[in-house]
Amino acid sequence: MAKFHPDLDMLTEFTAGTLSLAQSACVSMHLSYCTKCQEISEAQTVMAANLFEDLEPVSVSDSQLDIVMSRLDEDAPLTYSKDAYAKEAGTPAILQRLMHGDFSDLNWKKITSSLRISYLSTGDPYYEFALYHIKAGGVIPEHNHQGSEMTLVLEGGFSDSDGTYHAGDFLFREAGDVHSPAALADQDCICLAVLDAPLKFTRLRHRWMNPFLQLKAS
Amino acid sequence: MVTKKPGDEVTNLESGRRTDEWSQCLRAIAKHRDRTAFARFFRHFAPLIKAFALSGSTLSANHADELVQEVMLKVWQKADGFNPDKASASTWVYTIARNCRTDLYRRLQKFDTPLSADDVSLDQDGDEPAVMLHQRRTRDRVRVMMDTLPADQAHILAKVYMEGKSHSEVASELDLPLGTVKSRVRLAIQKLQIQMED
Ligand SMILES: [Zn+2]
């Protein structure tokens, strides 16, 4: 069971549908690991539905009803079962849709000897959506965040000065936070990161890395 | 606040199951492709969907009509997947309307994305009796909580959930500090959590 969760404000925006697409996808994936947050979001949905029922109705003309009635025989768009994707492997369904395969099929960019990154395209113009693969025991150089960063651990785990995180754990860092995460010693760590601005490493000797990190999702 | 409206849930004491007019309507649509039931459903919900579409205030009247049509078509197409034990008819419709509105916003912003709002929203799956019992309890408790909510909190919740405004947009619109907005939303949700823990 996940120990680190999105805060209430974020769950609220997620449920209200106002969170950006890439961030929503990340929160949604946390929910697939976390019944506690699922329950909160469910209750919020019911609450929102109550507000919906209490809205002041705005009249809709009969011609609208006629249009809809005349379209009822149209073929329903094809849908797929989310479950089918989810059960295929331990990976969240959303990720499987975006990856078209598994982690080994991705186009990884090597950043350091222990870190590689693969950008996935969600179509969200405001946030990058990337998978980080950190080798067991590997350390990501100390860096600060120009923008916010959302992280969800998918496999393995990592730790930083604030704690140790395992699969399903969700972290949110504000701009300006400095940290230096290290993967746990016994297993490689894969996590999802949603960033609203490219990372900049704080230590001078890592400056050269910046161009790599600024590679945009294709 | 306790006035009965058509569509309010009535508990059938004998079976303990909750039934309501709109759930039955949806079942008739799913099972018998009943167009009369659909028209009735439309007359009740389409004006709420339109109100929801326009409450965000950035959609034009044309787009609001487009949204009404899209949501009601989905109601017809997806009625089969509606399970009254999992959600009330209005929660089910609200979820469709919310996701369609989000997708419409993204289309209008020319987002090209492989993910729909449906894909990233919470699945109301789970056929286990425990989950369904739990969901029914949630419904009752949310209703109780909403009926006792102070007006200023209800007002902010409506801005967040119906108008789809971020906390900071609500803050600047109501000329309140961001912290005040956040704490009012949190307060309401925490009340909900306390109710659910009983
Ligand atoms: Zn959680």
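Side chains are part of it too, since the values below use all heavy atoms of this structure and drop only hydrogens, waters and symmetry mates. To find a chain, count down the sequence lines: A is the first, B the second, and so on, and within it residues start at 1.
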May I ask you to name which of [options] has the most heavy-atom pairs under 4.5 Å with chain B?
| options | answer |
| --- | --- |
| D73(A), L19(A), V27(A) | D73(A) |
| S28(A), S61(A), S32(A) | S28(A) |
| V60(A), V46(A), L65(A), I40(A) | L65(A) |
| T18(A), D9(A), L8(A) | D9(A) |

Ordered numerically, the heavy-atom neighbours of chain A under 4.5 Å found in residues 169-184 of chain B are K182(B)
Those residues of residues 61-69 of chain B that come under 4.5 Å of chain A on a heavy-atom basis, listed by number, are D65(B), Q69(B)
Engaged part of [X] at the chain B interface, taking heavy atoms whose separation is under 4.5 Å:
| X | value |
| --- | --- |
| L72(A) | both |
| L31(A) | side chain |
| D7(A) | neither |
| E56(A) | backbone |
| T35(A) | neither |
| L11(A) | neither |
| S59(A) | backbone |

Non-hydrogen side-chain atoms of [X] and [Y] separated by less than 4.5 Å:
| X | Y | value |
| --- | --- | --- |
| L154(A) | L152(A) | yes |
| T151(A) | Y165(A) | no |
| F172(A) | E149(A) | no |

Checking heavy atoms, do the side chain of [X], its backbone, both or neither come under 4.5 Å from chain A?
| X | answer |
| --- | --- |
| E70(B) | neither |
| V160(B) | both |
| R98(B) | side chain |
| T102(B) | side chain |

- Does CG belonging to D112(B) count more than 12 external heavy atoms closer than 6.0 Å? no
Surrounding NZ of K191(B) (heavy atoms of other residues, nucleotides or ligands, distance under 6.0 Å), is the total greater than 12? yes
Parallel, tilted or perpendicular, as decided by the 30° and 60° cut-offs, for the rings of W22(B) and F45(B)
perpendicular
| Between N50(A) and Y94(B), does any side-chain donor sit less than 3.5 Å from a side-chain acceptor? | no
Quick one about S148(A) and E174(A) (side-chain donor to acceptor, distance below 3.5 Å, no hydrogens or angles considered), yes or no? no
Could you check whether R71(A) makes a cation-pi contact with W76(B), meaning its NZ or CZ is under 6.0 Å from the centre of the six-membered ring and within 45° of the ring axis?
no
Both conditions, 6.0 Å and 45 degrees, for the charged tip of R27(B) above the ring of F82(B): are they met here? no
Go through T122(A) and D124(A) one step at a time and tell me if the side chain to side chain donor-acceptor pair (under 3.5 Å) criterion holds. CA-CA 5 Å; T122(A) 62; D124(A) 186 330; 5.0 Å; no
Specify the closest pair of heavy atoms between [X] and [Y], including all atoms of both residues, with the distance to one decimal.
| X | Y | answer |
| --- | --- | --- |
| A53(B) | L59(B) | O-CD1, 3.7 Å |
| I94(A) | A25(A) | CD1-O, 3.8 Å |
| S20(A) | R106(B) | C-NH2, 4.0 Å |
| S121(B) | F14(A) | CA-CZ, 4.3 Å |

**Request:** Give the intermediate values and the outcome of side chain to side chain contact (heavy atoms under 4.5 Å, CB included) for residues Y161(B) and T12(A).
**Result:** CA-CA 8 Å; Y161(B) 289 102; T12(A) 300; 3.4 Å; yes
Checked A97(B), A154(B), P47(B) vs chain A; the most non-hydrogen pairs under 4.5 Å come from P47(B)
Among R33(B), H167(B), Q190(B), M72(B), the residue with the most heavy-atom pairs under 4.5 Å to chain A is H167(B)
Check for me whether the distance between the ring centres of F170(A) and F4(A) falls short of 6.0 Å. no
